[in-house]
Amino acid sequence: MKTILLAACLTLVAAEAQAVSRYDPTRMSCGKVQATIARQGAVILRYQSTRVPGLPLYDRYVQSQQFCTMGEVRTRAYVPSADTRSCPVYNCKRPDNDRHFRRRFFHNN
């Protein structure tokens, strides 16, 4: 029974990961990138780095906080698009509580 339950859980996780569409934002206008994210809820955007030629960059971008996992927060991000170098979008990140701790307790005055 445990084996069947584990297999079912893994199947659901794999199906969820495959359901996210992938796009190249540099082939779309900024408005279309934002509309695509709004329509689908979460997408993967993949594009080439401008600093390191040939290096592909990608991340998962979301419409709202509900598409982030527990412990993550929706944060502003920017991706290149066909009509602008910095199209505002959102992705999910874990808060950097360690940085806040260091700044609060180890701040040099």
Heavy atoms from other residues, nucleotides or ligands near CZ of Arg74 exceed 12 (cutoff 6.0 Å): yes
Distance-minimising heavy-atom pair for Tyr78 and Tyr47: O-OH, 4.3 Å
For Gly54 against Gln48, the heavy-atom pair lying closest together: C-OE1, 3.3 Å
From CG (Asn91) to OG1 (Thr75), nearest 0.5 Å: 4.0 Å
Approximate separation, where rounding is to 0.5 Å, of Leu45 CG and Ile37 CD1: 5.0 Å
Distance-only polar pair, side chains of Tyr90 and Arg76, donor-acceptor under 3.5 Å: yes
Taking every non-hydrogen atom, the tightest pair across Gly71 and Pro95: O-CD, 3.2 Å
Min side-chain heavy-atom separation Lys93-Asp59 under 4.5 Å: yes
Pairs satisfying side chain to side chain donor-acceptor pair (under 3.5 Å), at least one member in residues 28-38, at least two apart: none
Check: Cys87 main-chain N/O paired with Thr84 side-chain donor or acceptor under 3.5 Å: no
Verdict with reasoning, Met28 to Ser81, per side-chain contact (heavy atoms from CB on, under 4.5 Å): CA-CA 6 Å; Met28 305 161 63; Ser81 66; 5.9 Å; no
Reported OH-to-CZ distance for the pair Tyr23 and Arg46, which is rounded to 0.5 angstrom: 15.5 Å
Whether Glu72 side chain and Phe67 backbone form a donor-acceptor pair below 3.5 Å: no
Common cluster, Leu55/Tyr58, ILVMFWY with side-chain heavy-atom separation under 4.5 Å: no
Minimal non-hydrogen separation, Asp83 against Cys30, with atom names: OD1-N, 2.9 Å
Ile44 reachable from Tyr61 in the ILVMFWY side-chain graph, under 4.5 Å edges: no
Single-linkage hydrophobic cluster, 4.5 Å side-chain cutoff, Val62 and Val89 together: no
